[in-house]
Amino acid sequence: MFGFIKDKLKKIYDQVSSKVSALFNRSNFDEAFLLELKTLLIASDVGVVTTDELIAALRAEIAKLKTQDAVIVKQVFEELLIAKLLNTNDREVMPEVLLMVGVNGSGKTTFLAKLAYAASRSGKKVLLVAGDTFRAAATQQLAHWGKSMSVEVHIGRDEQDPAAVMFDACQRFIAEGFDHLFIDTAGRLQTKVNLMKELEKVRRVLDKALAGRPVAVWLGVDAMLGQNSLRQAEVFHEATKLDGVVLTKFDGTGKGGIVFAIAAQYKVPVIYITFGEGVEALKRFDIREYVHDLING
Ligand SMILES: Nc1nc2c(ncn2[C@@H]2O[C@H](COP(=O)(O)OP(=O)(O)OP(=O)(O)O)[C@@H](O)[C@H]2O)c(=O)[nH]1
Ligand SMILES: [Mg+2]
C-alpha cells in the first residue's frame, strides 16, 4: 500500500520537481539561473512574496559561499525551502476534537472519512458528526462513509440546526467514551460577517458542551484551485483561528508550491494532503520529505 502511495505522489511531485532538478544541472549559478528558478517557483504557486525571499536568500548564500558547485547550491536551496516551512512544523495530527471548515467542494467530508478510517484502523473509537444539516445529500454522504468503514456517525433530527446537532454529538462523545469527535460542516460561500457569526456560535456551543476540551479547527483547501483557493481560505482565516490546513486533491495538480504560499500567508501548517477519492488516499505532510522530493525528483 505504501509503495502505491509513494508512486502516486512521486508522479505528482515529478511534474514540478523534474523541472527544478533540471535547473540545477549547470555549472554557472548566475542571475539567469535565479530568474529561471523564480519563474518556475511562481508557476508552481509558491507565491510572489515567498519566491522573492527565497531568491534573495539563495543569491546571498551563493555569494557568501563563493560557490558554483551544483550539489552545494542545491543543498543550500533545499535548506532554505525547509526553513520556510519549519516554523509551522509543530502540530497535532490526530486531535481529540476536530472541526473541519472550508468552502464547498474543498474535500472536507471526504477527508474526515479518511481520517476517521485511519483512527479506527489504529483501534480508536471515532464519532463522526454530520454538521452540514443544510443538504440531505451531505448527511447521506457521511452516513455512507460511516457504514462502509464501520464508524459511528451522529446525525441530527430533521430541521435541527448545526450547532444543536453538534451539542448533542458532544454529549454522546463524552457519555459513550469515544476517543475522537470529528465534526463536518457545511461549506457555503458566504460573507465574512455571516461566517464569523456562525463559527462563533459553533465555538460557543462546543466550548460549553465539551467543558473546555480543546477543539482543533482545520481548513480544507483544494490544491487544484491554486492561488484562488487561497483567496477563499482568507475569509475563514479572518473569521476564526485556524490550527491547520488539509490540502486536498493533490493528485489533480503539479503545482505543489501552494504549500509555501499557505505557510507564508496564514502561518498555519499543512497537516495532511489527500490525493484521491479512496479512503486511503491520505498522507501526513512531512516537510523534509516534501522538499527533498520536490527538488530531487
Ligand atoms: N481527485 C480527488 N478528489 C477528491 C479528493 N478529496 C475529495 N475529492 C472529491 O471532491 C469532491 C468534493 O469533496 P467533498 O468531500 O464532498 O467536499 P466538501 O468540502 O465536503 O463539500 P461540501 O460538503 O459541498 O462543502 C467529491 O467529488 C470528492 O470525491 C482528493 O483528494 N482527490
Ligand atoms: Mg461536505
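One is the number of the first residue; the rest follow in order along the sequence. Whatever order the structure lists them in is the order used to number ligands and atoms, beginning at 1.
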> What atoms in ligand 1 come closer than 4.0 Å to a heavy atom of Gly187?
Replying inline: 25 (O)

> Please state which protein non-hydrogen atom is closest to atom 32 (N) of ligand 1 and give its distance, to 0.1 Å?
Replying inline: Asp251 OD1, 2.9 Å

> Less than 4.5 Å apart, any side-chain heavy atom of Leu81 and any of Phe260?
Replying inline: yes

> Under 4.0 Å from ligand 1, counting heavy atoms only, is it the side chain of Phe250, its backbone, both or neither?
Replying inline: neither

> Which protein heavy atom lies closest to atom 25 (O) of ligand 1, and at what distance to 0.1 Å?
Replying inline: Lys108 NZ, 2.7 Å

> Between His180 (side chain) and Val97 (backbone), is there a donor-acceptor pair under 3.5 Å?
Replying inline: no

>> Please check whether Ala186 reaches ligand 1 - meaning an N/O of the residue sits under 3.5 Å from an N/O of the ligand, judged on distance alone.
In response: no

> Are Gln160 and Asp168 side-chain neighbours, meaning at least one heavy-atom pair lies under 4.5 Å?
Replying inline: yes

> Which pair of non-hydrogen atoms, one from Val279 and one from Ala113, has the smallest distance, and what is that distance?
Replying inline: CG2-O, 4.3 Å

>> Minimum distance, heavy atoms only, to atom 21 (O) of ligand 1: which one of Gly252, Gly107, Gly105, Gly220 is it?
In response: Gly105

>> Looking at non-hydrogen atoms alone, which of Gln141, Lys249, Glu277 comes nearest to atom 11 (C) of ligand 1?
In response: Lys249

> Considering distance alone, does some N or O of Thr109 sit under 3.5 Å from an N or O of ligand 1?
Replying inline: yes

>> For ligand 1 and Thr110, I'd like to know whether there is a polar contact (N/O to N/O, distance under 3.5 Å).
In response: yes

> So, does Ala138 sit close enough to ligand 1 that a heavy atom of it is under 4.0 Å from the ligand?
Replying inline: no

>> I'd like to check which ligand 1 atoms, numbered from 1 as shown, lie under 4.0 Å from a non-hydrogen atom of Arg135.
In response: 22 (P), 23 (O), 24 (O)

> To the nearest 0.5 Å, how far apart are CZ in Arg59 and CG in Leu37?
Replying inline: 11.0 Å

>> Which residue and atom name correspond to the protein heavy atom nearest atom 31 (O) of ligand 1, and how close is it?
In response: Thr274 OG1, 2.5 Å

> Any donor-acceptor pair under 3.5 Å linking the side chain of Asp207 with the backbone of Gly212?
Replying inline: no

> With side chains defined as the heavy atoms from C-beta onward, is the minimum distance between Gln68 and Ile62 less than 4.5 Å?
Replying inline: yes

> For the side chain of Thr240 and the backbone of Leu199, is there at least one donor-acceptor N/O pair under 3.5 Å apart?
Replying inline: no

> Which count of protein N, O or S atoms is obtained for distances strictly below 2.8 Å from the Mg ion (ligand 2)?
Replying inline: 1

> Can you find a protein heavy atom closer to atom 7 (C) of ligand 1 than 4.0 Å?
Replying inline: yes

> Taking all atoms of both residues into account, what is the closest heavy-atom pair of Ala223 and Ile258, and its distance?
Replying inline: CB-CG2, 4.4 Å

>> Would you say that Val76 contacts Leu58 through its side chain, given a criterion of any heavy-atom pair below 4.5 Å between the two side chains?
In response: yes

>> Quick check: do Val221 and Thr248 have side-chain heavy atoms less than 4.5 Å from each other?
In response: no

> Do you know which two heavy atoms are closest between Val153 and Ala143, and how far apart they sit?
Replying inline: CG2-CA, 4.3 Å

>> Heavy-atom distances under 4.0 Å decide this one: backbone, side chain, both or neither, for Lys114 against ligand 1?
In response: side chain

> Can His292 and Glu78 be counted as having a side-chain donor-acceptor contact under 3.5 angstrom?
Replying inline: yes

